[in-house]
Amino acid sequence: MRNFKVILPFLAGVILMIILFFSFRSCLNPAEKTEKSDYYILTNQISKMNKMVVLEQNTSSMQKTKMGYEFFGKEVSSNSIITYTKTNAQVSYDLNKMKMEVDSINKKLIIRELPEPEIRITPSVEIQSLDDSFFNRISEKDIKNVTQKAKTTAINSIDQNRLKGEGKQQLMENLNTIFVLAKALNYTIEDQTGKLGVLKL
């Protein structure tokens, strides 16, 4: 009877250790841990890209605008404004608008929708020279009209179709880093947009 009383706490302790061992082992299931790690690696990589400027172009130009008055078909007075225009053009993609699903169970990265490119053209105009005269003054209105025309000319000089094409190509190259990572984690990539064929997924 005494031996039973001594053995009973020992057996209880052994049973408790076995329960704790299997509970701890189930919490550290390697397969489950790997799937979660794969999922977070991919989703974190995607979220880091966020709003991405894929292409930037800078141009500059000089423009001379001549203004004059004529009398009986002859110019009697004139002046001119020389402007210097710097133009920055950017193509960006808001990847928050990209619809992408990470299926960690079936090991799939599903691309459902790609965002449209956003083009921003920002011209800035500086007055380089004013050829003014006492009889024919250049007004603030004249300066405003000239600078506005310079901005319009700069915007129209940007080939937006070419920018979109080059921007899309750069987007594909940037997305390819995610796809390479997905393949390294043994994920298959399912393109539902029909626009990623160039990457030979």
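Every heavy atom of this structure was used, including side-chain atoms; hydrogens, water molecules and symmetry mates were not. Just so you know, residue 1 is the first one in the sequence shown, and it goes up from there.
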Mind checking the [atom1]-[atom2] spacing from [X] to [Y]? Nearest 0.5 Å is all I need.
| X | Y | atom1 | atom2 | result |
| --- | --- | --- | --- | --- |
| L175 | Y93 | CG | OH | 9.5 Å |
| N58 | Q90 | CG | CD | 8.5 Å |
| I82 | I127 | CD1 | CD1 | 10.0 Å |
| N174 | Q169 | CG | CD | 11.0 Å |
| L163 | D159 | CG | CG | 7.0 Å |
| D94 | E118 | CG | CD | 5.5 Å |

Exactly one of K108, R112, Q192 should register a side chain to side chain contact (heavy atoms under 4.5 Å, CB included) with E101. Which one does? R112
Are L181 and M172 co-members of a hydrophobic cluster defined by side-chain heavy atoms under 4.5 Å apart? yes
Linking I/L/V/M/F/W/Y whenever any side-chain heavy atoms sit under 4.5 Å apart, do L185 and V102 land together? yes
Side chain proximity check, [X] to [Y], heavy atoms < 4.5 angstrom:
| X | Y | answer |
| --- | --- | --- |
| T85 | K151 | no |
| L114 | K168 | no |
| Q63 | T153 | yes |
| I143 | I81 | yes |
| L95 | L171 | yes |

Which atom names give the shortest non-hydrogen contact between [X] and [Y], and what distance separates them?
| X | Y | value |
| --- | --- | --- |
| I158 | T59 | CD1-OG1, 4.2 Å |
| M98 | E113 | CG-O, 3.3 Å |
| L109 | Y187 | N-CD2, 4.0 Å |
| M100 | I111 | CE-CD1, 3.3 Å |
| K183 | I189 | CE-CD1, 4.0 Å |
| T83 | A150 | OG1-CB, 4.1 Å |

Going through the checks in order, is the side-chain contact (heavy atoms from CB on, under 4.5 Å) test met by Q160 and I121? CA-CA 10 Å; Q160 294 193 29; I121 302 173; 3.7 Å; yes
I would like to know whether E56 and N88 meet side-chain contact (heavy atoms from CB on, under 4.5 Å); could you show each step before the answer? CA-CA 7 Å; E56 188 170 23; N88 175 264; 2.9 Å; yes
Near Q128 CD, under 6.0 Å, is it more than 12 heavy atoms from other residues, nucleotides or ligands? yes
If only side-chain N and O atoms count, and only distance matters, is there a donor-acceptor pair under 3.5 Å linking S139 with D142? yes
Let's go through E166 and V91 carefully: what are the C-alpha distance in whole Å and the side-chain angles of both, what is the deciding distance for side-chain contact (heavy atoms from CB on, under 4.5 Å) to 0.1 Å, and is it a yes or a no? CA-CA 9 Å; E166 293 179 0; V91 182; over 6 Å; no
